[in-house]
Amino acid sequence: MGFPMGVYELAFTMRRRVVEGAVVVELLGEIDILAEQVLGPRLEDVAGRRRGDLVVDLRGVTFLDASGVRLLLRARRRALRCGARLRVVRGGPMISKVIRIAGVEPAFTWLDAFPPSAVGSVPA
């Protein structure tokens with residue numbers, strides 16, 4: 001069953017939160033050309049306003065293509081121009097494979113989780 005004409009559900013979203021002083025942008029769903037067009041300006045705006053740490057979390061990404069890679073590169077370029085430190089939390093195996101194939105892995109500082117200290121820690 002399809003959606004009524006002119007009504008559809010986006011297959012992606014972006015959430016922003018602050019964790020340990022860093023702005024964390026979670027990308028969720030399918031990051032393709034439509035996501036780049038919609039989320040690109042929003043992500044660049046966040047990167048342009050941040051002078052400290054900016055973390056892009058890819059753990060919720062289910063699909064990434066060349067447009068998604070371009071989205072990350074645009075955010076990186078904007079963050080660098082504005083003096084922010086951009087780090088990226090690795091996505092799943094297929095997302096990491098796209099990043100590797102695109103040859104852009106060295107362009108980013110990669111994290112396995114954020115905040116890193118929370119991994120494996122037990123609350124007191």
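- We find the CD1-CD1 distance between Ile95 and Ile31 to be 8.5 Å, quoted to the nearest 0.5 Å.
- The backbone N or O of Leu111 sits nowhere less than 3.5 Å from a side-chain atom of Arg87 that would complete a donor-acceptor pair.
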- Query: Passes side-chain contact (heavy atoms from CB on, under 4.5 Å), Val56 versus Leu72? Steps please.
  - Reply: CA-CA 8 Å; Val56 176; Leu72 293 172; 3.9 Å; yes
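- Linking ILVMFWY residues whenever their side-chain heavy atoms come closer than 4.5 Å, directly or via other members, leaves Ile33 and Met14 in distinct clusters.
- Using a 4.5 Å cut-off on side-chain heavy atoms (C-beta onward), Leu27 and Leu71 make contact.
- Rounding to the nearest 0.5 Å gives a distance of 6.0 Å between CZ of Arg90 and CG of Asp112.
- Scanning all heavy atoms of the two residues, the minimum distance from Ala22 to Val55 falls at CB-CG2, 4.3 Å.
- Put simply, Ile101 and Val69 are part of two different groups of oily side chains (I, L, V, M, F, W, Y) that touch within less than 4.5 Å, one to the next.
- In this structure, Cys82 and Ala47 approach most closely via the heavy-atom pair CB-O, 4.0 Å.
- No chain of hydrophobic side-chain contacts below 4.5 Å, direct or via other Ile, Leu, Val, Met, Phe, Trp or Tyr residues, connects Ile99 to Leu28.
- For the pair Asp45 (side chain) and Gly48 (backbone), a donor-acceptor distance under 3.5 Å is absent.
- The shortest non-hydrogen separation linking Asp65 to Ser67 is OD1-N, 2.9 Å.
- We find the CD-CZ distance between Glu26 and Phe114 to be 11.5 Å, quoted to the nearest 0.5 Å.
- Leu58 and Leu34 end up in the same hydrophobic cluster when Ile, Leu, Val, Met, Phe, Trp and Tyr side chains are linked at under 4.5 Å.
- Separation of atoms CZ (Arg16) and CG (Asp57) is listed at 15.0 Å; rounding is to 0.5 Å.
- Between the CG atom of Leu86 and the CG atom of Leu43 there is a distance of 8.0 Å, given to the nearest 0.5 Å.
- Scanning both residues, Gly91 and Ser96, for their nearest heavy atoms gives O-OG, 3.6 Å.
- For residues 86-109, the ring pair (Phe, Tyr, Trp, His ring centres under 6.0 Å) pairs, not counting sequence neighbours, are Phe108-Trp110.
- Of the residues Arg74, Arg49, Arg77, the one that meets the side chain to side chain donor-acceptor pair (under 3.5 Å) test with Glu44 is Arg74.
- Leu80 and Val23 are members of different hydrophobic clusters when ILVMFWY side chains are connected at heavy-atom separations under 4.5 Å.
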